[in-house]
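One structure below.
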Amino acid sequence: METKKKGLTLAGKQLAAGWLFLTPATLLIFVMSFWPMIQAFLTSFKSGKGVNIHWADPLFVNYTRMLQDTMFIQAMKNTFLYLIIQVPIMLILAILLAQLLNNKDLKFKGFFRTCIFLPCATSLVSYSLIFKSMFATQGLFNTILVNLGILKENFNFLGTPWSAKLVIILALIWRWTGYNMVFYLAGLQNIEYSVYEAAKIDGANGWKTFWNITVPLLKPTIVMTFIMSINGTLQLFDESVNLTKGGPAGATMTMSHYIYNQSFGQGVGNFGYTSALCFVVFILVAILAVINLKVGDTRD
């Protein structure tokens with residue numbers, strides 16, 4: 001009788017090889033990402049400062065504390081204000097610019113695309129400091145507005161709550177519009193030009209073509225950029241720190257900036273409380289992402 005050859009089949013060898021290649025990356029992701037997340041979640045139920053932390057009594061004291069923390073509530077309001085105003089304006093500008101620069105008859109398209117994309121290649125700290133100098137009391141914008149007669153004297157843009165928030169919103173729009181435009185350009189270039197020609201033959205004008213063809217076909221990209229923008233805005237940090245330092249009196253401080261101050265910016269860190277704050281931000285990001293996915297899901 002013939003003896004069967006022992007060993008793995010071809011499919012079994014391929015499966016084993018796949019797991020062999022995946023194991024190092026999986027272990028690294030677990031050790032570097034998921035394990036710290038688990039530890040942070042456990043830490044959110046502890047109190048104390050620095051290394052002298054212990055299980056809180058009651059266990060949820062950090063989560064109840066944030067409901068009475070007026071500065072955190074103010075930081076949350078500031079962050080959502082940036083989100084509500086800046087994200088829609090930025091994405092609308094990005095899709096309009098993408099539509100404009102996708103015109104096959106437009107000359108120097110590469111040059112214009114590069115100019116609009118360049119701001120997002122600028123360092124976060126660098127561009128924050130540039131906006132800080134431009135909107136300073138003796139800065140460029142004050143000089144222009146005074147010389148034009150719009151202002152009688154220099155205005156403290158970064159020292160007034162409403163204007164400081166406006167500067168942050170303008171800075172965010174300037175930096176991130178080109179980044180999102182690239183995604184929309186990629187989506188537009190996957191739409192067959194014959195679709196637009198057919199709409200033109202049917203008598204559709206530019207607005208109808210944009211609203212009834214471009215927007216529906218770009219819906220997956222729009223949902224993706226909304227989720228990324230929401231995620232980034234809820235974790236906004238550099239602009240608050242470098243532009244206004246959270247001032248005046250916390251009027252522009254974001255949640256991430258407040259968490260940083262509680263952890264490292266005010267002496268020994270209250271890591272239990274800041275871990276709880278981080279998980280609140282995580283939950284907010286997850287909820288808004290799920291809502292966007294549900295709204296953007298066109299499947300029956």
Least distance between heavy atoms, Cys120 atom then Arg175 atom: O-NH2, 3.1 Å

Restricting to non-hydrogen atoms, name the atom on Phe279 and the atom on Ala40 that form the minimum distance, rounded to 0.1 Å. CE1-C, 3.6 Å

Is it the case that the side chain of Asn147 and the backbone of Thr143 share a donor-acceptor pair, with hydrogens and angles ignored and the cut-off at 3.5 Å? yes

Return the minimal non-hydrogen interatomic distance between Ser33 and Pro36, and the atom names on each side. O-CD, 3.2 Å

Modelled atom types, side-chain donor and acceptor of Ser275 and Ser44, under 3.5 Å: no

Audit row: Leu91, Ile222, side-chain contact (heavy atoms from CB on, under 4.5 Å) steps and yes/no: CA-CA 8 Å; Leu91 295 183; Ile222 293 171; 5.7 Å; no

For Trp55, I'd like to know if atom CH2 has over 12 heavy atoms of other residues, nucleotides or ligands within 6.0 Å. yes

Between the side chain of Thr233 and the main-chain N/O of Ile230, is any donor-acceptor distance below 3.5 Å? no

Euclidean distance, Asn62 CG relative to Ser47 OG, rounded to 0.5 Å: 6.5 Å

With side chains defined as the heavy atoms from C-beta onward, is the minimum distance between Cys278 and Phe282 less than 4.5 Å? no

Could you tell me if the ring centre of Phe141 sits under 6.0 Å from that of Phe155? no

When you group the ILVMFWY residues by side-chain heavy-atom contacts below 4.5 Å and let the links chain together, are Ile227 and Val290 in the same group? no

Thr274 (side chain) donor-acceptor with Phe271 (main chain) under 3.5 angstrom: yes

Check the hydrophobic clustering (I, L, V, M, F, W, Y; side-chain heavy atoms under 4.5 Å; chains of links allowed) and say if Val167 and Val125 are grouped together. no

Going by distance alone, is a donor N or O of one side chain under 3.5 Å from an acceptor N or O of the other, for Tyr184 and Gln99? no

Take Trp19 and Leu15, measure what side-chain contact (heavy atoms from CB on, under 4.5 Å) needs, and give me the verdict at the end. CA-CA 6 Å; Trp19 279 110; Leu15 182 63; 3.7 Å; yes

In Å, rounded to the nearest 0.5 Å, how long is the span from CD1 of Ile29 to CG of Leu22? 9.0 Å

Contact check, side chains of Thr221 and Leu218, non-hydrogen atoms, under 4.5 Å: yes

Does a side-chain heavy-atom distance below 4.5 Å link Asn180 with Ser229? yes

What is the ring orientation for Tyr179 with Phe183, classed by angle as parallel under 30°, tilted 30 to 60°, or perpendicular over 60°? perpendicular

Side chain of Thr244, backbone of Gly246: donor and acceptor closer than 3.5 Å? yes

Just by distance, with hydrogens left out, do Thr79 and Thr254 show a side-chain donor and acceptor under 3.5 Å apart? no

Between Ser240 and Phe237, is there a donor-acceptor pair closer than 3.5 Å when you use the side chain of the first and the backbone of the second? no

Test Ile130 against Met134 for side-chain contact (heavy atoms from CB on, under 4.5 Å), laying out the working first. CA-CA 6 Å; Ile130 290 170; Met134 288 196 302; 4.2 Å; yes

Distance from Ile213 atom CD1 to Ile191 atom CD1, nearest 0.5 Å? 8.5 Å

On a heavy-atom basis, the closest approach of Thr177 and Ile173 is OG1-O, 2.5 Å

Residues Ile116 and Pro119: closest non-hydrogen pair is O-CD, 3.2 Å

Measuring centre to centre across the rings, with the benzene-like ring taken for any Trp, is Phe45 within less than 6.0 Å of Phe60? yes

Does the side chain of Leu81 come within less than 4.5 Å of Lys77's, by heavy atoms? no

Does Thr160 use its side chain to pair, donor to acceptor, with the backbone of Ser163 at less than 3.5 Å? no

Tell me if a side-chain donor or acceptor on Thr64 pairs with a main-chain N or O of Val61 at a distance below 3.5 Å. yes

Between Lys132 and Lys245, is any pair of side-chain heavy atoms under 4.5 Å apart? yes

Audit row: Asn261, Met253, side-chain contact (heavy atoms from CB on, under 4.5 Å) steps and yes/no: CA-CA 10 Å; Asn261 283 349; Met253 184 177 291; 3.4 Å; yes

Is there a donor in the side chain of Tyr127 and an acceptor in the side chain of Asp238, or the other way round, less than 3.5 Å apart? no

Output the distance between atom CG (Leu236) and atom CG (Leu172), rounded to the nearest 0.5 Å. 5.0 Å

In the single-linkage hydrophobic clustering (I, L, V, M, F, W, Y; side-chain heavy atoms under 4.5 Å), do Leu96 and Phe226 co-cluster? yes

Sub-3.5 Å donor-acceptor pair from the side chain of Asn242 to the main-chain atoms of Leu129, do we have one? no

For Glu192, does the CD atom have more than 12 heavy-atom neighbours from other residues, nucleotides or ligands under 6.0 Å away? no

Side chain to side chain, Phe72 and Leu67, heavy atoms closer than 4.5 Å: no

Would you kindly say whether Gln138 and Asn142 are connected by a side-chain donor-acceptor distance under 3.5 Å? no

May I ask you to decide if the ring planes of Phe131 and Phe135 are parallel, tilted or perpendicular, using 30° and 60° as cut-offs? parallel

Which distance, rounded to the nearest 0.5 Å, do you find between the CD1 of Ile169 and the CD1 of Ile89? 7.0 Å

Look at the side chain of Asn78 and the backbone N and O of Lys165, then say whether any donor-acceptor pair between them is shorter than 3.5 Å. no

I need the Thr43 OG1 to Ile38 CD1 distance, nearest 0.5 Å. 11.5 Å

Is there a side-chain contact between Asp69 and Leu277, using heavy atoms and a 4.5 Å cut-off? no

Is the backbone N or O of Ser263 less than 3.5 Å from a side-chain atom of Asn270, with the two atoms forming a donor-acceptor pair by type? no

Would Ile201 end up clustered with Phe210 when hydrophobic side chains under 4.5 Å apart are linked, directly or stepwise? no

Quick check: closest heavy atoms across Met255 and Met76, and the distance to 0.1 Å? CG-CA, 3.7 Å

Is Met181 linked to Leu188 within one hydrophobic cluster, defined over Ile, Leu, Val, Met, Phe, Trp and Tyr using a side-chain heavy-atom separation of less than 4.5 Å? no

